[in-house]
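Order of the sequence lines fixes the chain letters, A, B, ..., with proteins taken first and strands second; residue numbering starts at 1 for each chain.
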2 protein chains.
Amino acid sequence: MPKNCNFIEKLREVGLRPTKQRIKICEVLYNREKTFHFTINDLVKMISEKMNEKISLATVYNTVHAFEKKGYLKEISIDSHKSYFDTNTSAHHHFFDEDTHELIDCDESDIDKINIRKNITGKKINSVEVLVRVASDNQTQK
Amino acid sequence: MPKNCNFIEKLREVGLRPTKQRIKICEVLYNREKTFHFTINDLVKMISEKMNEKISLATVYNTVHAFEKKGYLKEISIDSHKSYFDTNTSAHHHFFDEDTHELIDCDESDIDKINIRKNITGKKINSVEVLVRVASDNQTQK
DNA sequence: CAATAGTTTAGAATTATTATAATGTAGATT
DNA sequence: AATCTACATTATAATAATTCTAAACTATTG
Ligand SMILES: [Mn+2]
Ligand SMILES: [Mn+2]
Ligand SMILES: [Zn+2]
Ligand SMILES: [Zn+2]
């Protein structure tokens, strides 16, 4: 359980002012045992539940994108109808439960290393991500 | 180069009425050598360029989603800010060029078969997709 | 050819996201 | 501790993508 002062330092390190709102968002996002996945809506709800004060929707968007730019968050595209963010910023793969719309992290051991045989001239690989869509046995996909 | 009557049959087979608009969309989408990727906006432009008649935006959305449901098109999520569709409905992987925002199909031989070691209880795997993001060497990602 | 069910359409409505511009505030300077 | 200033937050407006609606249209059936 890191204290707030850690967040203040962390924010300072990457050149973000440790404002009250940013610290609050840090608490909600990082003051927990495990990393997790969320949508902007989830985050707004979490903040308004845990905090007495209101926070502007614009601030949530701005801050999330600031965090994303600084590498605190990763954006994940699974469902074109929703933006997911991930507090686990390391390279990793996902399962996506199409019944519950839940994202689940893969461990290193869950998927063998991906071997890419082709390379595109003049381009370098920035990331390799696998998405495994799963659903109940007795249900048609999507 | 299939003729329109093929599209009429094809549409009938899957229970879609072969209306003028659907045939037109079929022509734009499938009357070509290779499969390709497009956004709704791309499609609207292609239709209005190739055809003299106007087509309602709602109809494009409706028809694309009808085709998707019937398995004629696949929706692909790469960039949460844009919906891509693919006329290649077989299982395959993609490169995404972050400079040009272009989607590129992988051949079977480009990426070794993905081996998934974990399974989620009560769930079956619907699809496994790899996305390889590439960009110019001299450019930071995104 | 008339009836009918399914389809298209224009435009309104909704939703997600971004822009704007006035106000507030953290941190620095005195 | 008062002031300053750059940056951040806010409410709200604007934009963009997508979906809804309800009236008009049309492919198919009988
Ligand atoms: Mn984003
Ligand atoms: Mn869709
Ligand atoms: Zn994750
Ligand atoms: Zn493809």
- Should the ring pair B/F85 and B/H65 be called parallel, tilted or perpendicular, given that the plane angle runs from 0 to 90° and is split at 30 and 60? perpendicular
Comparing A/N62 with B/T59, nearest DNA chain C nucleotide closer to 5' gives the residue B/T59
Rounded to whole Å, the CD-P distance (A/E75 to C/dT17) equals 8 Å
Next on the checklist: Looking only at side-chain N and O atoms, does B/D86 offer a donor or acceptor that is under 3.5 Å from a partner on B/H94?
Outcome noted: yes
Ranking C/dT8, D/dT18, C/dT17 by distance to the side chain of A/S83, first place goes to C/dT17
Under 3.5 Å, is there a donor-acceptor pair linking the side chains of A/K124 and A/N126? yes
To the nearest angstrom, the NZ-P distance between B/K45 and D/dA17 comes to 10 Å
Would you list the atom pairs, donor with acceptor, under 3.5 Å between side chains in residues 54-64 of chain B and any protein atom, with sequence neighbours excluded?
{"residue": "B/S56", "atom": "OG", "partner": "B/A58", "partner atom": "N", "Å": "3.1"}
{"residue": "B/N62", "atom": "ND2", "partner": "B/A58", "partner atom": "O", "Å": "3.3"}
{"residue": "B/T63", "atom": "OG1", "partner": "B/T59", "partner atom": "O", "Å": "2.6"}

So, OP1 or OP2 of D/dT18: does either fall under 4.0 Å of a side-chain N or O from B/Y61?
yes
All N/O contacts under 3.5 Å from nucleotides 26-30 of chain C to the protein, with atom names and distances to one decimal?
{"residue": "C/dG27", "atom": "OP1", "partner": "A/R12", "partner atom": "NH2", "Å": "2.8"}

Which of C/dA19, C/dT8, D/dT9 is nearest the side chain of A/A58? It is C/dA19
Rounded to whole Å, the CG-P distance (B/L16 to D/dT26) equals 19 Å
In whole angstroms, the gap separating P of D/dA16 from CG of B/L57 amounts to 14 Å
In whole angstroms, the gap separating P of D/dA8 from NZ of A/K24 amounts to 18 Å
For the residue pair B/N88 / B/S90, report whether a side-chain donor-acceptor contact shorter than 3.5 Å exists.
yes
Sugar-phosphate only, base, or nothing, as touched by B/I55 at under 4.0 Å among non-hydrogen atoms
sugar-phosphate
| field | Side-chain N,O (A/Q21) to OP1/OP2 (D/dT10) below 4.0 Å | value | yes
Separation of C/dT7 atom P from B/H65 atom NE2, nearest Å, is 16 Å
(request) Report whether B/I23 and B/V44 are members of the same hydrophobic cluster (ILVMFWY, side-chain heavy atoms less than 4.5 Å apart, transitive linking). (result) yes
B/K70 NZ to C/dG6 P, in whole Å, measures 12 Å
*asked:* Need one value for A/K54: base, sugar-phosphate or nothing, where a base atom within 4.0 Å counts as base even if backbone is also close, heavy atoms only.
replied: sugar-phosphate
When rounded to whole Å, the OH to P distance for the pair A/Y84 and C/dT17 reads 12 Å
* If only atom types and distance count, is the side chain of A/D107 paired as donor or acceptor with the main-chain N or O of A/D110 below 3.5 Å? -> no
